Protein chains: 4
Amino acid sequence: MLNGERKISRPLRWAMVGGGRTGQVGYKHRTGALRDNTAFELVAGAFDIDFERGRDFGVNIGVLKDRLYPDYETMFAEEARREDGIEVVSIATPNATHFEICKAALEAGLHVICEKPLFFTTEEAQFVKELAEEKEKIVGVTYGFSGHQLLLQMRAMIEQGKIGDVRVVDLQYTHGFNAADEGDKSNSAQKWRVDPKVAGPSFVLGDLSTHTYYMSQLILPHMKVKKLLCDRQSFVGSRAPLEDNAHVIMHYDNGAVGTMWTSSINAGCMDAQRIRIVGSKASLEWWDSKPNELRYEIQGEPAQTLVRAMPYLDENCQADERLGALHAEGLSESWANIYLKFAMAVDAKERGDEETLRHLVYPDIDAGLEGVRWVENCVRSADNGAVWVDFE
Amino acid sequence: MLNGERKISRPLRWAMVGGGRTGQVGYKHRTGALRDNTAFELVAGAFDIDFERGRDFGVNIGVLKDRLYPDYETMFAEEARREDGIEVVSIATPNATHFEICKAALEAGLHVICEKPLFFTTEEAQFVKELAEEKEKIVGVTYGFSGHQLLLQMRAMIEQGKIGDVRVVDLQYTHGFNAADEGDKSNSAQKWRVDPKVAGPSFVLGDLSTHTYYMSQLILPHMKVKKLLCDRQSFVGSRAPLEDNAHVIMHYDNGAVGTMWTSSINAGCMDAQRIRIVGSKASLEWWDSKPNELRYEIQGEPAQTLVRAMPYLDENCQADERLGALHAEGLSESWANIYLKFAMAVDAKERGDEETLRHLVYPDIDAGLEGVRWVENCVRSADNGAVWVDFE
Amino acid sequence: MLNGERKISRPLRWAMVGGGRTGQVGYKHRTGALRDNTAFELVAGAFDIDFERGRDFGVNIGVLKDRLYPDYETMFAEEARREDGIEVVSIATPNATHFEICKAALEAGLHVICEKPLFFTTEEAQFVKELAEEKEKIVGVTYGFSGHQLLLQMRAMIEQGKIGDVRVVDLQYTHGFNAADEGDKSNSAQKWRVDPKVAGPSFVLGDLSTHTYYMSQLILPHMKVKKLLCDRQSFVGSRAPLEDNAHVIMHYDNGAVGTMWTSSINAGCMDAQRIRIVGSKASLEWWDSKPNELRYEIQGEPAQTLVRAMPYLDENCQADERLGALHAEGLSESWANIYLKFAMAVDAKERGDEETLRHLVYPDIDAGLEGVRWVENCVRSADNGAVWVDFE
Amino acid sequence: MLNGERKISRPLRWAMVGGGRTGQVGYKHRTGALRDNTAFELVAGAFDIDFERGRDFGVNIGVLKDRLYPDYETMFAEEARREDGIEVVSIATPNATHFEICKAALEAGLHVICEKPLFFTTEEAQFVKELAEEKEKIVGVTYGFSGHQLLLQMRAMIEQGKIGDVRVVDLQYTHGFNAADEGDKSNSAQKWRVDPKVAGPSFVLGDLSTHTYYMSQLILPHMKVKKLLCDRQSFVGSRAPLEDNAHVIMHYDNGAVGTMWTSSINAGCMDAQRIRIVGSKASLEWWDSKPNELRYEIQGEPAQTLVRAMPYLDENCQADERLGALHAEGLSESWANIYLKFAMAVDAKERGDEETLRHLVYPDIDAGLEGVRWVENCVRSADNGAVWVDFE
Ligand SMILES: NC(=O)c1ccc[n+]([C@@H]2O[C@H](COP(=O)([O-])OP(=O)(O)OC[C@H]3O[C@@H](n4cnc5c(N)ncnc54)[C@H](O)[C@@H]3O)[C@@H](O)[C@H]2O)c1
Ligand SMILES: NC(=O)c1ccc[n+]([C@@H]2O[C@H](COP(=O)([O-])OP(=O)(O)OC[C@H]3O[C@@H](n4cnc5c(N)ncnc54)[C@H](O)[C@@H]3O)[C@@H](O)[C@H]2O)c1
Ligand SMILES: NC(=O)c1ccc[n+]([C@@H]2O[C@H](COP(=O)([O-])OP(=O)(O)OC[C@H]3O[C@@H](n4cnc5c(N)ncnc54)[C@H](O)[C@@H]3O)[C@@H](O)[C@H]2O)c1
Ligand SMILES: NC(=O)c1ccc[n+]([C@@H]2O[C@H](COP(=O)([O-])OP(=O)(O)OC[C@H]3O[C@@H](n4cnc5c(N)ncnc54)[C@H](O)[C@@H]3O)[C@@H](O)[C@H]2O)c1
C-alpha cells in the first residue's frame with residue numbers, strides 16, 4: 001500500500017525535454033513523477049521546440065524561469081554547472097530525437113527516462129545500453145500502462161502455476177482514432193507519427209504494440225519469441241510505407257503461440273489493449289480500459305473476476321495499491337507506479353545497491369531494447385512479404 | 001415477425017439419419033425443424049448406429065415404430081416405396097459418413113440437409129452439387145448459428161454503407177472444453193473428432209471455424225478471400241496431426257485483411273464466437289453468447305447497442321423475429337430460422353419457383369462447399385509450414 | 001438433460017382460448033407447449049375474439065377446421081362430446097376474462113393453464129383453487145420467465161447455505177416501451193392494459209411485477225412477506241388510476257427486507273428483470289436479459305460467473321438443460337420447461353400420483369393466488385397513501 | 001483540458017487535520033490537492049491523534065518538522081503568527097470532530113475543506129455557514145466522487161432536454177465489506193463508524209449515501225426533495241441503533257420519484273454507486289466503478305455509450321479532462337477536479353470575485369448542509385417507523 005510516504009531519502013532533481021503545452025504525453029510524465037512529491041521534484045525543463053512557449057509553460061507549472069532552457073544541450077550544460085543541478089531527465093519528444101538526447105543526457109552524467117519506441121534500431125539501443133553501463137546510470141522507458149497493478153497479479157499467478165503451461169498469448173492494441181487521412185494533416189502529433197523520418201520504421205507497431213508487447217514480457221518473463229510473422233497494411237494510403245494496421249503471429253521457445261493485432265483504424269474501438277494468456281488449465285484476461293478488473297477463467301469452473309485492492313491478491317500486486325477497494329484507479333496510478341520505481345532504481349544505483357536493483361521490476365533499457373527489436377523483426381517480416389523470420 | 005403460421009402449403013415429410021439419443025447435435029435439428037409443426041413433420045428415422053437404441057429413441061419422440069430403420073440404406077429404400085414416404089432427410093452423423101449418405105439420399109430422390117463440415121474434399125462437394133442439380137434437389141447445410149437475426153442486420157448495414165469500406169474482418173470461434181486429452185478418450189463425440197479417419201483433415205478448423213467463416217460470408221456476400229496463411233498446433237499432443245488451435249490471416253480481393261482464431265484449448269472461454277467487421281467509418285461486433293445484441297461503433301461518436309426486435313432494425317432482420325423485444329432469443333430460434341428457410345427452399349424447388357430461390361438467403365450447397373474449401377486451404381497452408389497460399 | 005423424449009406416456013390433447021394472430025403472448029404458449037410434440041398436441045382452439053380471423057389462424061397453424069370454435073363456451077361444450085376431446089386448455093386472453101374462462105374450463109372437466117395476473121381478487125383465486133380441488137384438476141399459471149434453469153440454481157445454492165442468511169431481496173421488472181400515452185391508443189394490447197375494467201386494479205404491478213415476485217418465491221420458498229409499502233405513480237397521466245411505475249418495500253418474516261421496482265416508463269431500458277439476493281456471506285444476481293449467466297459474489301473473494309449447462313451446476317438446474325454449454329438458451333426454453341412441468345403435473349394428477357405432484361416445482365394455482373394477493377396488498381398500500389400494510 | 005498549468009496566481013498554503021498514516025481518506029486529499037502543485041502546497045499538519053506518529057508521517061511526505069503540530073488548536077495558533085502561515089485547512093478526522101475543528105478554523109481566519117458527513121445536525125451546519133459568511137471564507141466538502149467529469153455531462157444533457165422531463169431518480173451506494181461484526185472490532189476506521197458518539201446519527205446513510213445524494217443534486221440542480229420515507233436496518237445487530245442498510249423513497253417537487261439504496265452488507269458487491277436518471281424520453285446511467293462510461297438509453301433507439309474525453313461531450317465536461325481518450329481516469333482525477341475548484345473558489349473569494357464564485361460548481365457549505373439535512377430527514381422517518389416525512 002502506497003500513501004505517498006517517501007521510499008527514497010529525498011526527491012530527485014528532475015527535468016524534462018519535450019512534453020510541453022502542446023505535447024500529448026508530457027502531462028502523463030509529470031502526473032506520474034510528481035504524484036506524491038517524494039520521488040521527484042521538477043526543477044528544470046526544455047519543454048518545447050518553441051522556446052517562448054516552452055518557457056511560458058514551464059513558469060505556469062512552477063519551474064523557476066532561469067531554469068527553463070531553449071534546448072536540451074543548453075540545459076544539460078547549464079545544469080551541470082549547478083550544485084543543485086538536475087540528476088534525472090525525461091525525454092518526451094518525437095521518436096527521431098530520442099537517441100541523440102539520451103546519448104547527450106548520459107554523457108552529461110544524467111539518469112534518463114525516455115519515451116517509447118526507444119530508438120529506430122537495436123544498434124542504437126545496444127549503444128545506449130553500453131553507455132549507461134559505463135556511466136553507471138539508469139535508463140527507464142515509459143511503457144506507461146505497465147504500472148497497472150493487476151499485471152503483477154497475472155505475473156504472480158502464472159509463476160505460481162495457476163493457469164498451467166502457457167499455450168496462447170493473445171495481444172491487442174488497437175483504436176479507431178485514425179481511420180482517415182485528414183487527421184494526419186491537421187494534428188501535429190499525428191503528422192510526425194506517419195512520417196518515417198520522425199517516427200522510424202513503423203507507425204502502429206512502434207507507437208502502440210511496443211506497450212502491449214512489453215506488458216506481455218512483464219507477465220511472462222521466462223518466455224521468449226523464437227520466430228514471428230508480421231502482415232502490415234496502410235489502409236490510409238498516404239501513410240505508406242508506414243502501416244496503420246498489423247497482425248503478427250509469434251512462436252515462443254516453449255511451444256506457445258502468440259498473436260498481436262495493432263491498429264489505428266479499428267473504427268470506433270475505445271477498448272484499446274487486451275491481454276489474454278491461455279494456459280493448459282485456465283486463462284487470464286485484462287483490458288486497459290477496465291484496469292481494475294482481471295478475469296480468471298478456469299476450465300470447468302465458474303469464471304472469476306478479481307478486482308484491485310482486495311486482500312486475496314498477491315503481495316507484489318498489493319504493494320502498488322493506493323486508493324483502496326471500490327475506488328477506481330486509472331492510468332495516472334500506473335504512471336506513478338512506474339516513476340516511483342524509476343526513482344527507486346536511480347536511488348539504488350547511486351547508492352550502489354545492486355541487490356535492490358536486481359529485484360526491482362520496471363521497464364529498463366533492456367525493455368526498451370526489446371521493444372525496438374520487436375519492431376525491427378516485425379518490419380523485416382512484413383517487408384519480405386509477411387514471411388516467417390527468426391526473432392533476432 | 002414469425003408466429004408459426006405456415007409459410008408453405010403443408011409440412012414436409014422429414015427423416016433423420018443420426019442424431020439419436022447420444023448424439024450431440026440431433027436435438028438441435030429437431031428443435032429447429034419442428035418449431036411450429038408447419039414446416040416439417042418427423043415421420044421416419046435411422047437415428048443411431050445402434051438400431052435398438054435408435055428405435056427406442058424414435059418411439060419416444062413420437063415416430064411410428066415401423067418407420068424406424070436399422071440404417072439409412074433401408075430407410076431410403078423402404079420410404080421410397082411408400083406413398084407418404086419422406087421428402088427430406090437430415091444427416092447428423094460423424095463427418096466421414098456425410099458424403100456417402102448425401103449421395104445415397106439424392107439418388108433416392110430426397111432433398112438433403114447435412115451437417116458441417118460437409119465433406120472431406122471440394123471434389124466431393126462439387127460432385128454432390130452437380131448431383132443435386134441433376135436431381136433438382138436442395139442441399140442445405142446446418143451452420144446452426146447463422147440463423148441469428150442480427151447477422152442479417154449486419155449484412156444490411158454493411159450493404160447500406162453504414163460502416164464504409166470493409167477493412168478488417170476479425171473472426172473467432174474458440175472454447176475451452178478440450179484442453180486435456182482425457183476428454184478425447186472418455187467422450188465418444190470428442191473421440192472421433194480427433195481421429196482423421198472420421199473427422200477429416202482437421203479438428204477445430206472444420207468443427208468450429210466453418211461456422212464462423214460461413215457467417216462472415218453471409219454478412220459480406222461480395223467479398224472473397226484471395227490468399228491466406230494458416231498456423232495450426234496440436235497442444236494436446238495425441239491429437240496430432242489434427243490441430244486443436246489455429247490462427248489464420250486472410251487477404252480479401254478488395255484489399256481487406258481478415259483473421260480467424262479457432263481453438264478448443266482456449267481454457268475457460270465460454271464466449272465462443274466473435275465477429276467484428278471494421279470499416280472505414282465504423283465497426284460492427286456480435287458475439288454468439290449474446291445473440292440479442294449488436295455493437296455498432298462509429299468513429300468519433302458514442303457506440304450504439306442495437307437489440308433484437310426493435311423497430312429500428314432492418315426489415316430483413318425483423319422478418320425472422322419471433323419473441324418480441326425484452327424476450328431473449330437463443331440458439332433454438334437460430335436453428336428454427338434456418339430450417340424454415342430450408343423448407344421454403346424445398347417447397348420452391350418443388351414448385352419450380354426459381355424467383356423465390358434466388359432471393360432466399362440460407363446455407364446451401366455452395367455454403368457447404370465453401371466451408372470445405374476453407375478447411376482445405378487452411379490445411380494446405382499449415383502443412384507447408386504456415387505459408388501463404390492462394391485461395392483455390 | 002432434456003432432448004425431447006417423452007416424459008409422459010402420450011401427448012395431452014390441448015386447446016387455447018385467445019392467443020390468436022394479433023395476440024402478444026399466444027406464440028409463447030405454443031412454443032412452450034409444442035416444443036417436442038411429446039407433452040402436448042394442439043387439437044382445438046378459440047383463438048380470437050374475431051372468429052373468422054381466429055379460424056384462419058388456427059388452420060394456418062395446423063388445427064383441423066372443425067375444431068376451431070367461435071368462443072370458449074362452444075369449444076368446451078363441443079369438445080366434451082368427443083371421445084378424443086381436449087384435456088387441457090390454456091387461456092391467453094386479457095385479464096378481465098380469466099376468471100370466467102377458468103371457471104368454465106374446470107366445470108367442463110378440463111385442466112387449466114392460465115395467464116397472469118390470474119384474476120382481479122384473491123376471493124376469485126380462492127374460489128378457483130377450491131373448484132380445482134373439487135374437480136381434481138391442475139391449474140397452472142404462465143409465469144413464463146420462471147422456467148429459466150439458473151433460477152433453480154439460485155434456489156439450490158441458497159438452500160445449501162451458499163450465501164448465508166438472506167438479508168436483502170432486490171427485485172426489478174422495468175422497461176421503457178410505454179413512456180408516452182400515444183402507445184396506449186395505437187396498440188390494442190396496450191390499450192386494455194391501462195383500462196381498469198379489463199386490466200384489473202393495476203397496470204405494471206400486475207402485468208410485470210407478478211412475474212418477478214413469483215420468481216423470488218421460487219428461489220426463496222421458505223420466506224414470506226409480512227408487511228409491505230407500495231408507492232405508485234401514473235407518469236402518463238391518462239393512465240390514472242392505474243400506475244405505470246411503482247416502488248415497493250417489503251419486510252419478510254425472517255427479518256429480511258426486499259424491494260421491487262416495476263415500471264413501463266424506464267425509458268430506454270432493455271434489461272428488464274433483475275433478481276439479486278443478498279445473504280450474510282454472498283449474493284446471487286440474475287438478469288432475464290442474460291439468462292445463461294448467474295453472478296455469485298462472495299464477500300472477500302473474487303466474484304464468480306456461473307454459466308448454464310456446466311457440470312458444476314446443481315442437478316435440479318441441470319435437469320432442465322437442453323442445448324448444452326456455449327449454446328445460448330432463451331425465453332422459449334423457459335416456456336418449454338414450464339409447459340413440460342404442467343404436462344407432468346396433469347399426467348400425475350390423472351394417475352393419482354400425489355408423490356410426483358409433491359415434488360414438482362412449477363407455477364400452480366397457489367403461485368397464481370399469491371400473485372393476485374401481491375397486487376392486492378400493493379394497491380391497498382398505495383391507495384392509502386403509500387403506507388405500510390400487513391401482508392394479508 | 002487540464003494539464004497542470006496554474007489556474008490561480010500561486011499555490012495556496014495548505015494544511016491538514018487528520019488524514020495521517022493510518023487514516024483511510026488522507027491520501028485522497030493529498031492526491032487531489034497536490035495533483036499539479038499549482039493549486040496547493042502542503043506546508044503544515046496535525047495529521048494524527050498520535051503526535052509522534054503524525055510528525056513522523058508529516059516529515060515523510062515532505063512537511064517541515066517545525067510545522068507539524070500536536071493538535072489543530074496549536075496549529076491554528078502557531079500558523080496564524082507566521083507571515084507564510086496556512087490559508088486553507090482540510091479536515092479528515094472522524095465525524096464527531098468536524099464541527100469543532102471547522103469552527104476553530106474559520107475563527108482562525110482559514111478557508112476550510114471538510115470531510116462528509118459534514119456535521120451531526122443542520123443547526124451546526126447553519127451555524128458554520130453563517131460563520132463562514134461573516135468571515136468571508138470558503139467551506140468546501142469533499143464529496144470525492146463528484147469530480148468525475150461524466151456527471152457534468154449528465155447535468156448538461158438533462159439541462160438541454162436530452163432525456164425529457166425527469167421522472168425517476170434511481171440511486172445506489174452499497175458495498176459488501178461489512179457484512180459481519182468482526183470487522184467492526186478489528187478495524188479502527190470501522191469501529192468509530194458504528195459508534196453513534198463518533199459517527200453521528202447514522203452509519204451508511206451518512207457514510208455512503210451523502211455522496212450519491214450530492215451527486216444527484218449536482219446533476220439535477222433544479223429538483224428538490226419534498227418528502228421522503230426511509231426504512232433502515234442493523235443486520236449486524238451490534239450496530240443498532242445505527243443502520244448498515246437503508247432504503248429511501250423520495251418525492252420531488254416536480255412530481256418525480258426517487259429511490260436510494262445504501263448498504264454496507266450488500267455482500268460481494270464491488271460496483272458501489274449507481275446513478276440512473278429516467279426521463280420521459282431517455283435515461284442516463286453511470287456507475288462509479290466504470291467512471292469513464294455513460295449510458296444514454298433512448299426510448300426506441302439503440303442505447304449509446306458515451307466515453308470520457310471524446311469531442312462529442314459537453315464543454316463543461318471536457319473542461320475537466322486530463323488524460324485523453326483511451327486513457328482511463330479514476331478516482332484521483334475526481335478528487336483533483338474538486339480540489340482545483342476549491343482552490344479557484346478560495347482565490348476568487350480572496351479577490352472578491354463574486355462573478356467567478358457564482359459560476360463555479362463545487363461541493364460547498366450548502367452541499368454539506370444538504371447532506372446533513374438528508375441524513376436528518378432519513379433518520380427522522382426511519383425512527384418513526386419508516387413513515388413519510390416532509391423534507392425539512
Ligand atoms: N508512453 C505513452 O503512453 C506515450 C503516449 C504518447 C506519446 N508517447 C511518445 O512520446 C513521444 C512524444 O509524443 P507526443 O505524442 O507527446 O508528441 P507531440 O508531438 O504531441 O509532442 C512533442 C513535444 O515535444 C516537443 N519537442 C519536439 N522536439 C523537441 C526538442 N528538440 N526539444 C524539446 N522539445 C521538443 C514539442 O514542442 C512537443 O511539446 C513520442 O516518442 C511518442 O511515441 C508515449
Ligand atoms: N451444426 C452444429 O452446430 C453442430 C454441432 C455439433 C455437431 N455437429 C456436426 O454434427 C455431426 C454429428 O456430430 P455429433 O457431435 O452429434 O456426433 P455424436 O457422435 O455425438 O453423434 C453422432 C450420432 O450419429 C449416429 N450415427 C453414427 N453413425 C451412424 C450411421 N451410420 N447411421 C445412423 N446413425 C449414425 C450415432 O449413433 C449418434 O447418434 C458432425 O458432422 C458434427 O460436425 C454440428
Ligand atoms: N406470461 C407472459 O409473459 C405474458 C406476456 C404477455 C401477456 N401476458 C398475459 O396474457 C394475456 C393476454 O395478453 P396479450 O398481451 O397477449 O393480449 P392481446 O390483446 O395481445 O391478445 C389477446 C388475444 O386474446 C383474444 N381474445 C380476447 N378475448 C377473447 C375471448 N373472449 N375469446 C377468445 N379470444 C379472445 C384476442 O383476439 C387476442 O388474440 C394477458 O392476461 C396478459 O397479462 C402474459
Ligand atoms: N470523502 C470520502 O470519500 C471519504 C472516504 C473515507 C472517509 N471519509 C470521511 O473522512 C473522515 C475520516 O475518515 P477515515 O476513514 O479516514 O478515518 P480513520 O479513522 O481511518 O482516520 C482518521 C484520522 O484522523 C486522525 N485523527 C483523529 N482525531 C484527530 C484529531 N483530533 N486531530 C488530528 N487527527 C485526528 C487519526 O489519527 C487518523 O489519521 C470521516 O469523516 C469520514 O466520513 C470520507
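To find a chain, count down the sequence lines: A is the first, B the second, and so on, and within it residues start at 1. Please read these numbers as outputs of a predicted model, since none were measured by experiment.
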Contact origin within [X] toward chain B - heavy atom pairs under 4.5 Å:
{"X": "Leu2(C)", "value": "backbone"}
{"X": "Phe57(C)", "value": "both"}
{"X": "Glu293(C)", "value": "side chain"}
{"X": "Gln24(C)", "value": "neither"}
{"X": "Glu329(C)", "value": "backbone"}
{"X": "Asn292(C)", "value": "neither"}
{"X": "Arg10(C)", "value": "neither"}
{"X": "Ser332(C)", "value": "both"}
{"X": "Lys290(C)", "value": "side chain"}

Kindly indicate, with the supporting measurements, whether the criterion side chain to side chain contact (heavy atoms under 4.5 Å, CB included) is fulfilled by Arg35(C) and Leu34(B). CA-CA 8 Å; Arg35(C) 175 58 177 247; Leu34(B) 305 177; over 6 Å; no
So, taking the atom named [atom1] in [X] and the one named [atom2] in [Y], what distance separates them when rounded to the nearest 0.5 Å?
{"X": "Leu42(C)", "Y": "Asn37(B)", "atom1": "CG", "atom2": "CG", "result": "9.0 Å"}
{"X": "Arg322(C)", "Y": "Lys28(B)", "atom1": "CZ", "atom2": "NZ", "result": "12.5 Å"}
{"X": "His327(C)", "Y": "Tyr27(B)", "atom1": "NE2", "atom2": "OH", "result": "14.0 Å"}
{"X": "Leu331(B)", "Y": "Leu326(C)", "atom1": "CG", "atom2": "CG", "result": "10.5 Å"}

Top of Thr38(B), Asp271(B), Asn3(B) for chain C proximity - count of heavy-atom pairs under 4.5 angstrom: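 Between Thr38(B), Asp271(B), Asn3(B), the count favours Asn3(B).
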Specify which of [options] makes the most heavy-atom pairs with chain B at under 4.5 Å.
{"options": "Arg30(C), Glu333(C), Gln273(C), Arg21(C)", "value": "Arg21(C)"}
{"options": "Ser289(C), Pro11(C), Ser334(C), Ala328(C)", "value": "Ala328(C)"}
{"options": "Val59(C), Thr305(C), Val307(C), Asp36(C)", "value": "Asp36(C)"}

For Met1(B), is it the side chain, the backbone, both, or neither that has a heavy atom closer than 4.5 Å to a heavy atom of chain C?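 Neither part.
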